[in-house]
Number of protein chains: 2
Amino acid sequence: MSTSPEAYHHGNLRDALLAAGLAALEGAEGKAPSLRELARVVGVSATAVYRHFPDKQALDAALARAGLDLLGKEQAAAAERAGGGSQGFTETGRTYVRFALAHPALFRLMFTQGHPVDGSATPDEAYALLTANSRALVGDPDGAETLALQSWAMVHGIAMLMLDGRIPADDALIERLLDTGNLSAQSCGSSSEESP
Amino acid sequence: MSTSPEAYHHGNLRDALLAAGLAALEGAEGKAPSLRELARVVGVSATAVYRHFPDKQALDAALARAGLDLLGKEQAAAAERAGGGSQGFTETGRTYVRFALAHPALFRLMFTQGHPVDGSATPDEAYALLTANSRALVGDPDGAETLALQSWAMVHGIAMLMLDGRIPADDALIERLLDTGNLSAQSCGSSSEESP
DNA sequence: GATTAAAGTGAACGCCGTAAACATAGAGGT
DNA sequence: ACCTCTATGTTTACGGCGTTCACTTTAATC
């Protein structure tokens with residue numbers, strides 16, 4: 001029962017299935033891989049999968065979890081690269097949207113399970129990073145949570161709408177939408193603009 | 001070939017299928033209805049569906065379109081009830097999120113097609129209302145479009161995250177997130193809060 | 001009334017997720 | 001060394017799905 005990357009004929013079918021799943025989600029745009037297809041790719045009968053996952057939904061959840069971890073890592077790296085602070089905060093959001101566009105099928109899978117994808121295990125690096133960063137920016141705990149959730153909703157909405165083709169998946173547009181300074185125009189500044 | 005609501009044995013199977021589809025999407029939480037199931041409900045063989053829709057995707061697209069129209073009507077009514085202006089604008093967003101929570105399966109279907117659900121036909125009342133309202137609020141066309149898209153992304157993100165159980169589908173939380181005044185704290189006001 | 005095109009039917013195909021019964025191999029105890 | 005047991009895999013089978021094809025029926029048209 002080694003978890004090492006040995007041959008899997010006896011070894012870790014589970015990891016092989018997840019790897020095949022992630023690979024399938026990258027290619028062949030939009031199509032979620034079937035359980036049988038993954039088994040085929042890995043060279044195993046379809047029912048063998050059930051020795052490692054109770055059902056397809058569990059397999060999907062594991063894939064979603066893997067995707068979530070990947071996203072968390074990319075965001076952490078991006079935030080560090082940007083040097084934290086509000087600069088890093090924005091960069092985290094940018095990375096979120098970019099991730100969705102770079103891995104559309106995986107991203108959809110991640111957020112299309114009916115329920116939060118687990119709750120146990122390691123508790124979602126991406127979300128931890130988000131709350132930590134916004135707490136660092138705001139101070140007031142309630143305000144920090146609100147900012148965190150609003151930011152999440154914003155980038156998630158941008159990502160989803162772009163994935164669904166409702167708004168163009170344009171880099172410039174991402175930048176424009178990520179800049180939330182104007183959103184407050186109706187509530188914190190004058191309602192007239194800088195144009196004459 | 002009457003479009004009137006007559007018997008459908010010969011008559012409008014198409015509308016009957018759409019009605020059955022919308023009904024199915026309301027009950028039995030989360031599950032998207034199958035083509036065969038809808039045919040069964042309507043009392044017709046599965047293949048009869050193909051006389052009215054080229055494939056299942058087209059049926060789904062039609063259902064999505066119907067959902068979009070419904071959303072648009074509810075938003076328009078809500079905006080009018082609130083008396084337009086920035087009050088009506090916010091109300092439109094609130095209605096968007098409420099609609100998603102009230103019709104989760106339909107809402108998911110609406111935004112889960114790969115592509116924008118058509119583009120032809122009547123051009124999406126919801127979106128028209130959104131841009132019109134934000135143009136009324138901002139004046140500057142570019143700024144208006146940005147505000148429109150940001151607002152859309154925000155409410156869409158809130159809706160999606162709540163549907164997926166990532167954040168609690170809580171009425172109070174909706175209100176808190178809809179109030180975007182604080183979002184600009186980092187760019188338009190002081191970074192200190194009103195608490196001592 | 002005969003013709004014709006639209007609308008509905010039934011059987012069949014290959015895919016899917018899943019269940020049940022069976023096979024095999026490697027670990028552990030004796 | 002042997003036997004056993006458990007983890008892991010296989011085969012076969014079931015019902016549901018979307019879709020195709022060849023067919024019948026029905027209502028509208030000349």
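Sequence lines set the chain letters: A, B, ... in the order given, protein chains first and strands last, and positions in each chain run from 1. Because the structure is a prediction, the values reported are computed rather than measured.
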Compare side-chain N and O positions of B/H52 against OP1 and OP2 of C/dA6 and report whether any pair is under 4.0 Å apart.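 Answer is no, no contact under 4.0 Å.
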
Nucleotide by nucleotide, 5' to 3', does protein get under 4.0 Å of the base (B), only the sugar-phosphate (S), or neither (-) in nucleotides 13-19 of chain D, counting heavy atoms? B---BBB

Lys/Arg-Asp/Glu bridge criterion (N-O < 4.0 Å) met for B/D124, B/R65: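 No salt bridge links B/D124 with B/R65.
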
Taking A/E91 first and then A/R94, would you say they form a salt bridge - that is, a charged N and a carboxylate O separated by under 4.0 Å?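 Yes, this pair counts.
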
Nearest whole angstrom, please: distance from the [atom2] of [N] to the [atom1] of [X].
{"X": "A/L13", "N": "C/dA25", "atom1": "CG", "atom2": "C1'", "result": "15 Å"}
{"X": "B/F53", "N": "C/dA6", "atom1": "CZ", "atom2": "P", "result": "17 Å"}
{"X": "B/R51", "N": "D/dT26", "atom1": "CZ", "atom2": "C1'", "result": "13 Å"}
{"X": "A/L17", "N": "C/dG17", "atom1": "CG", "atom2": "C1'", "result": "15 Å"}

Does A/Q87 use its side chain to pair, donor to acceptor, with the backbone of A/A82 at less than 3.5 Å?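 Answer holds: no.
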
Can you check whether B/A144's main-chain N or O pairs, donor with acceptor, with B/S134's side chain at less than 3.5 Å?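 Between the backbone of B/A144 and the side chain of B/S134 there is a qualifying donor-acceptor contact (under 3.5 Å).
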
Are a donor atom and an acceptor atom from the side chains of A/Y96 and A/W152 found within less than 3.5 Å of each other?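 Their side chains do contain a donor-acceptor pair, which is all the 3.5 Å distance test asks for.
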
Heavy-atom side-chain contact between B/L130 and B/L149 under 4.5 Å: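 Contact flag for B/L130/B/L149 side chains = no.
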
Is there a side-chain contact between B/L59 and B/L38 (heavy atoms, below 4.5 Å)?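 Touching, per the 4.5 Å side-chain cut-off.
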
Near-strand residues of residues 19-27 of chain B, defined as heavy-atom separation under 4.0 angstrom from DNA chain C: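 The answer is none.
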
Restricting to side chain to side chain donor-acceptor pair (under 3.5 Å), what partner residues turn up for B/R108, sequence neighbours left out?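 Applying side chain to side chain donor-acceptor pair (under 3.5 Å) to B/R108 gives B/D164.
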
